Amino acid sequence: MTSVSTMTSSQDIAQATAALEGDTQAWDLTDSPPPSLLIQTPPPPPPSPQLLQDPTGSGLCEETIIDIKLATHHLVMLALIDFLQDTCYGCQTAHPSQVQHSCLHELSEYFFDTYYDDVMLRLKTDRFIPAIRLFVRSYTVDGTGTQFSRIAEHTMTELRSSQHIVCAINDNIAQLPEASRYARRVKPAMLHMIGNYWAGRHLV
């Protein structure tokens with residue numbers, strides 16, 4: 001059995017996403033998380049060269065690679081939240097007690113690898129690649145759907161080996177915008193929008 005010290009709280013998923021989208025308040029976006037869910041994180045270190053590399057040799061520009069990986073990480077986080085809530089007795093029955101909500105329990109190490117196929121079933125809807133394309137097209141006109149798909153698949157394969165999936169996603173989401181030429185304030189707003197599109201709340 002994995003000890004508590006080696007577990008990651010599934011609440012951190014919502015907190016990590018909330019921290020990412022905290023900048024969107026000035027854009028008057030809906031569904032803003034309460035301040036109590038926001039987490040404070042230290043300034044992220046510079047992104048590693050490996051994080052910015054094109055894993056497929058597509059020849060796409062670095063900015064496009066950043067955008068594809070950033071969008072993929074964000075959507076994986078949302079799909080992980082969906083999986084936790086779909087498999088939570090408390091959520092399915094609207095139980096008032098937090099004790100009955102498994103989605104609030106701590107995640108075991110290598111949780112993403114264990115439930116990879118289940119999360120992928122929720123992630124890879126017919127809006128997955130269009131959502132990534134929507135994000136990329138907001139900043140560049142580089143790349144095709146096939147190229148986006150290959151880089152997204154490689155990114156998810158790398159995440160699969162993460163010991164603590166929430167920390168891995170959160171760290172990469174914090175680091176990738178540091179290498180971007182565009183305003184960091186704009187990208188969180190666009191991530192929020194493509195998340196709503198992927199979930200079916202925006203038609204676009």
Side-chain angles (χ1 to χ4, degrees), residues 13-14 16-33 44 46-83 112 119-160 165 168-204:
I13 296 175
T17 305
L20 172 69
E21 296 177 350
D23 279 341
T24 63
Q25 292 180 0
W27 293 72
D28 193 30
L29 297 172
T30 59
D31 300 327
S32 298
S48 65
Q50 182 178 2
L51 185 61
L52 304 179
Q53 287 178 352
D54 180 354
T56 64
S58 65
L60 296 175
C61 70
E62 184 178 278
E63 190 69 30
T64 300
I65 302 299
I66 291 171
D67 288 345
I68 295 171
K69 291 187 173 183
L70 192 54
T72 300
H73 279 81
H74 182 63
L75 295 175
V76 168
M77 184 76 86
L78 296 181
L80 187 56
I81 293 172
D82 279 356
F83 170 69
F112 188 51
V119 176
M120 290 301 102
L121 285 175
R122 290 159 176 80
L123 175 66
K124 293 183 178 180
T125 68
D126 56 2
R127 290 187 172 216
F128 175 53
I129 295 302
I132 295 176
R133 183 187 295 114
L134 179 63
F135 185 73
V136 172
R137 290 287 189 261
S138 299
Y139 304 99
T140 71
V141 294
D142 199 17
T144 65
T146 299
Q147 290 172 316
F148 298 163
S149 180
R150 288 175 179 171
I151 294 174
E153 289 286 350
H154 191 277
T155 300
M156 292 183 291
T157 300
E158 289 181 332
L159 286 173
R160 186 169 185 172
I165 182 59
I169 293 177
N170 197 30
D171 288 347
N172 289 339
I173 283 178
Q175 291 178 27
L176 284 166
E178 294 294 325
S180 173
R181 298 193 307 268
Y182 297 96
R184 295 185 63 199
R185 186 173 185 80
V186 176
K187 294 213 170 185
M190 282 301 301
L191 286 173
H192 184 85
M193 190 193 77
I194 69 164
N196 283 334
Y197 168 75
W198 170 81
R201 291 190 291 269
H202 285 179
L203 297 179
V204 183

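Because the structure is a prediction, the values reported are computed rather than measured.
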- Item | Nearest heavy-atom neighbours spanning R122 and W198 | O-CZ2, 3.3 Å
- Rounded to the nearest 0.5 Å, the CG atom of D171 sits from the CG atom of L176 at a distance of 10.5 Å
- Query: Roughly how far, to the nearest 0.5 Å, is CE of M77 from CG of L191?
  - Reply: 11.0 Å
- Message: Donor-acceptor check, side chain of H73 to backbone of I173, threshold 3.5 angstrom: yes or no?
- Response: no
- Roughly how far, to the nearest 0.5 Å, is the CD1 atom of I68 from the CZ atom of R150? 11.5 Å
- Flag this pair as yes if the NZ/CZ of R127 is under 6.0 angstrom from the six-membered ring centre of Y197 and inside a 45 degree cone about the axis; otherwise no. yes
- Item | side-chain contact (heavy atoms from CB on, under 4.5 Å) between D67 and K187, intermediate numbers included | CA-CA 9 Å; D67 288 345; K187 294 213 170 185; 2.3 Å; yes
- On a heavy-atom basis, the closest approach of P177 and N172 is CD-O, 4.4 Å
- Task: Check the pair H192, H74 against side-chain contact (heavy atoms from CB on, under 4.5 Å), reporting the backbone distance first and the verdict last.
- Result: CA-CA 9 Å; H192 184 85; H74 182 63; 5.6 Å; no
- Please check if the side chain of S138 supplies one atom and the backbone of L134 the other of a donor-acceptor pair under 3.5 Å. yes
- For L80 against V119, the heavy-atom pair lying closest together: CD1-CG2, 3.9 Å
- Item | Donor-acceptor under 3.5 Å (T155 side chain, I151 main chain) | yes
- Heavy-atom nearest pair, A71 first then F135, reads CB-CD2, 3.9 Å
- Walk me through it: do L159 and I165 pass the test side-chain contact (heavy atoms from CB on, under 4.5 Å)? CA-CA 7 Å; L159 286 173; I165 182 59; 4.1 Å; yes
- Task: Kindly compute the distance separating CG (L123) from OG1 (T125), expressed to the nearest 0.5 Å.
- Result: 7.5 Å
- Which heavy-atom pair separates I66 from S180 by the least distance, and what is that distance? CD1-N, 4.1 Å
- Query: In terms of side-chain geometry, is the basic nitrogen of K69 or E153 positioned less than 4.0 Å from the acidic oxygen of its partner?
  - Reply: no
- Message: Could you report the tightest heavy-atom contact between F112 and R160, atom names first, then the distance?
- Response: CD2-CA, 3.6 Å
- What is the distance from atom CZ of F148 to atom CG of D142, rounded to the nearest 0.5 Å? 7.5 Å
- Message: Could you measure the distance from the OG1 atom of T72 to the CD1 atom of I129? Nearest 0.5 Å is fine.
- Response: 7.0 Å
